[in-house]
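Reading through the C-alpha cells given below for one structure.
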Amino acid sequence: MTPESAQEKPVDKYLRTAAVLHDLLGGTGNIVSLAHCITRLRLTLTDRAQVDDTALRAHPAVLGVLERDTFQIVVGPAAVTPLAAALAQLLADS
C-alpha cells in the first residue's frame with residue numbers, strides 16, 4: 001500500500017452500488033424521478049428499454065424488480081434510504 005492509497009477514503013458502499021444501478025437503469029437521462037418507500041426504490045423512467053434487466057436482477061443488492069405505475073427495485077429496509085440518497089446524489093451531480 002502506497003502512502004497515497006493509505007490516505008484515500010474508502011468508497012461508500014451505497015454510492016458504489018448506486019453508481020452500478022444508475023448505469024443499469026440507463027443513466028441520468030433515463031431517470032425522470034426517484035422516490036422510495038420502506039423497501040423499494042421507485043423510479044419513473046424515460047425509456048424502459050434502456051434498462052439492463054438481466055444485470056439489474058442479478059445484482060446482489062437487488063432483491064426483486066416490480067413494474068407497476070413506477071419501476072420499482074426492491075433493496076430491503078436497511079439499504080433503501082442510504083441507497084436512495086446515494087442515487088439522488090449521483091443524479092444531482094450529473
Side-chain angles (χ1 to χ4, degrees):
M1 181 179 289
T2 65
E4 294 87 27
S5 64
Q7 294 175 2
E8 290 175 355
K9 293 181 182 178
V11 176
D12 180 283
K13 71 178 182 177
Y14 295 108
L15 192 54
R16 190 172 54 242
T17 299
V20 172
L21 296 180
H22 173 271
D23 292 345
L24 295 176
L25 290 165
T28 300
N30 198 40
I31 301 170
V32 176
S33 68
L34 166 69
H36 68 86
C37 66
I38 195 143
T39 61
R40 301 174 188 172
L41 298 172
R42 297 174 183 260
L43 303 123
T44 302
L45 304 172
T46 301
D47 181 4
R48 173 64 181 82
Q50 290 186 32
V51 176
D52 185 340
D53 281 307
T54 303
L56 183 65
R57 291 174 190 273
H59 192 282
V62 175
L63 304 175
V65 174
L66 299 154
E67 293 188 63
R68 303 255 163 77
D69 54 334
T70 59
F71 188 81
Q72 301 175 25
I73 303 171
V74 182
V75 294
V80 72
T81 300
L83 195 51
L87 187 52
Q89 178 184 340
L90 287 172
L91 293 171
D93 291 347
S94 295

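- Atom CZ in R57 sits 12.0 Å away from atom CG in L24 (nearest 0.5 Å).
- Residues T44 and S33 approach most closely at OG1-OG, 2.9 Å, considering heavy atoms.
- Taking all atoms of both residues into account, the shortest heavy-atom contact from Y14 to A86 is O-CB, 3.6 Å.
- Of all heavy-atom pairs between S94 and H22, the closest is OG-NE2, 4.3 Å.
- Between the side chain of N30 and the backbone N or O of L45 there is no donor-acceptor pair closer than 3.5 Å.
- Taken from CG in L15 to CG in L87, the straight-line distance is 9.5 Å, to the nearest 0.5 Å.
- No side-chain heavy atom of V65 sits under 4.5 Å from any side-chain heavy atom of Q72.
- Linking Ile, Leu, Val, Met, Phe, Trp and Tyr whenever their side-chain heavy atoms come within less than 4.5 Å leaves L41 and L66 in two separate clusters.
- Residues V75 and L63 fail the side-chain proximity criterion, which asks for heavy atoms closer than 4.5 Å.
- For the pair V62 and V74, the minimum side-chain heavy-atom distance is 4.5 Å or more.
- The two atoms that bring V51 and F71 nearest to each other are CG1-CZ, 4.0 Å, heavy atoms only.
- Taking OG1 of T28 as the start and CG of L91 as the end, the distance is 5.0 Å to the nearest 0.5 Å.
- Put simply, CG on L25 and CD on Q50 are 10.0 Å apart, with the number rounded to the nearest 0.5 Å.
- Residue pairs meeting the salt bridge (Lys or Arg N to Asp or Glu O under 4.0 Å) criterion with at least one member in residues 24-51, sequence neighbours excluded, are R48-D53, R48-E67.
- In terms of heavy atoms, A18 sits closest to L83 at N-CD1, 3.7 Å.
- For the pair V80 and I38, the tightest heavy-atom approach, listed with the atom from each and the gap, is CG1-O, 3.3 Å.
- Rounding to the nearest 0.5 Å gives a distance of 8.5 Å between CG of D23 and CG of L90.
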